[in-house]
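When reading the values below, keep in mind they use all heavy atoms of this one structure, side chains included, and skip hydrogens, waters and symmetry mates. Reminder, nothing fancy here: chain letters follow the sequence lines and each chain counts from 1.
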Protein chains: 2
Amino acid sequence: MSQAGPAVDLDTSVGYRLKQATAVLHAAMEDVLRPLGLSITQYSTLELLAQRPGMSSAGLARGAFVTRQSMSLVLQGLESGGLVVKQERPSVGRVLPVELTAAGRERLAAASAAVRSVEDRMRSGFDDGDARRLAALLDRCVEGLRG
Amino acid sequence: MSQAGPAVDLDTSVGYRLKQATAVLHAAMEDVLRPLGLSITQYSTLELLAQRPGMSSAGLARGAFVTRQSMSLVLQGLESGGLVVKQERPSVGRVLPVELTAAGRERLAAASAAVRSVEDRMRSGFDDGDARRLAALLDRCVEGLRG
DNA sequence: TGACTCATGTCAGGATTCTGACATAGCCTC
DNA sequence: GAGGCTATGTCAGAATCCTGACATGAGTCA
């Protein structure tokens, strides 16, 4: 590389590292969720519903970083599996609140434990405060890109 | 949340923050690459080829975190656009080396500049050393998950 | 030499997600 | 009340990526 190098060096690029870490995390989560019959998006949706019961499909889509159309299909899968229920009548406007069923909460408990183990493995090389520092840095990335 | 909370709290989960940052970065990169007629995977492939000319399709797939099958389609698109060329004779084994064309290098230069601006924006809230610290933390995540 | 293992390239099929478009309901302003 | 704006839910179609499978070429070892 004695010539003029590219404007982006993959070895030092934060974006590339981010993509790599996400890819590895994605694979690890798929490995532990597959035995439970859940995809990552399905798990994320259940986790969101546990923290915000009655959330709208559009809201879940934003929280899971997918489109409304994709979340609609995800919810169809979860509903046919008996893990969530969609109210038939709109609460306000066109919003059809979604909620976890007992089976959904049960499945989520197992999935959360599995994902927790993956997160612990991911932080296995961390010192005290590293997780907090990493979260803060990632937040600043998001703010910088949105501002 | 006075009841027993879930094992994973999205507000403090490193994995969720990682997913969020990646999603925002992904959207920002798509925005700047769309005018250039490149997808993120196509751009990543060009960048890899610039740093490792003659790389195999399978190698590019690993570097871009997709399957060989997906990379094969990506290369078809790039080749039909005249940005890369695939040698017809295997160099060793079944490896068909791929290389950038002059048009590919030109397009990559514009794309690299655009992506560089996105990376700069992402690091706009960073102090000295923050980028290095973030890269180191992400590396430790990858090591932890792989070990 | 022959069997085994691994990596590469490719074909076929399916799953997931996306873009584009439309109708409906609430909110705000005039 | 009328119009404009936004958000939600849905339908239709296309693009992207994946899993599974197969054949080929190279290296290893009995």
Checklist entry - Rounded to the nearest Å, what distance is computed from the CD atom of residue A:E88 to the P atom of nucleotide D:dT10? => result 12 Å
Checklist entry - Counting N and O atoms only, with roles assigned by atom type, does the side chain of A:R140 sit under 3.5 Å from a partner on the main chain of B:F126, one being a donor and the other an acceptor? => result no
Item to check | Within 6.0 Å of CD in A:E106, more than 12 heavy atoms from elsewhere | outcome: no
Item to check | Interatomic distance, A:L49 atom CG to A:L108 atom CG [nearest 0.5 angstrom] | outcome: 9.0 Å
Checklist entry - How close or far is atom C1' of C:dG20 from atom CZ of B:R34, stated in whole angstroms? => result 13 Å
Checklist entry - When the distance from CD1 of B:I40 to P of C:dT17 is rounded to whole Å, what number comes out? => result 16 Å
Checklist entry - Has the side chain of B:S44 got a donor or acceptor atom that lies under 3.5 Å from a matching backbone atom of B:A64? => result no
Return the polar atom pairs (N/O with N/O) between nucleotides 13-17 of chain D and the protein under 3.5 Å, or none.
{"residue": "D:dC17", "atom": "OP1", "partner": "B:T41", "partner atom": "OG1", "Å": "2.8"}

Checklist entry - Is a donor-acceptor contact shorter than 3.5 angstrom present between the side chain of A:Q69 and the base of C:dG20? => result yes
Item to check | Distance, rounded to the nearest Å, where A:E30 contributes CD and C:dT16 contributes P | outcome: 11 Å
Item to check | B:E119 (side chain) donor-acceptor with A:G15 (main chain) under 3.5 angstrom | outcome: yes
Checklist entry - Can you check the B:E79 CD to C:dG9 C1' distance for me, whole Å? => result 14 Å
Checklist entry - What is the distance, rounded to the nearest whole Å, between atom CG of A:L78 and atom C1' of C:dA15? => result 15 Å
Show each protein N/O and nucleotides 4-8 of chain C N/O combination with a separation under 3.5 Å, one pair to a line.
{"residue": "C:dT8", "atom": "OP1", "partner": "B:R62", "partner atom": "NH2", "Å": "3.2"}
{"residue": "C:dT8", "atom": "OP2", "partner": "B:R62", "partner atom": "NH1", "Å": "2.8"}
{"residue": "C:dT8", "atom": "O2", "partner": "B:R94", "partner atom": "NH1", "Å": "3.2"}

Next on the checklist: Just verifying a value: how many Å separate B:Q76 CD and B:M71 CE, rounded to the nearest 0.5 Å?
Outcome noted: 12.0 Å
Checklist entry - For the pair made of NZ in A:K86 and C1' in D:dT8, what is the distance, rounded to whole Å? => result 11 Å
Item to check | Residue whose nearest DNA chain C nucleotide is more 5′ - A:G93 or A:M71 | outcome: A:M71
Item to check | Donor-acceptor pair, side chain of B:S56 and main chain of B:P97, under 3.5 angstrom | outcome: no
Item to check | Separation of atom CD in A:Q76 from atom P in D:dC11, rounded to whole Å | outcome: 8 Å
Item to check | Test item: B:S80 side-chain N/O and B:G77 main-chain N/O as donor-acceptor pair under 3.5 Å | outcome: yes
Checklist outcome for this item: Rounded to the nearest 0.5 Å, the OG1 atom of A:T45 sits from the CG atom of A:L60 at a distance of 6.0 Å
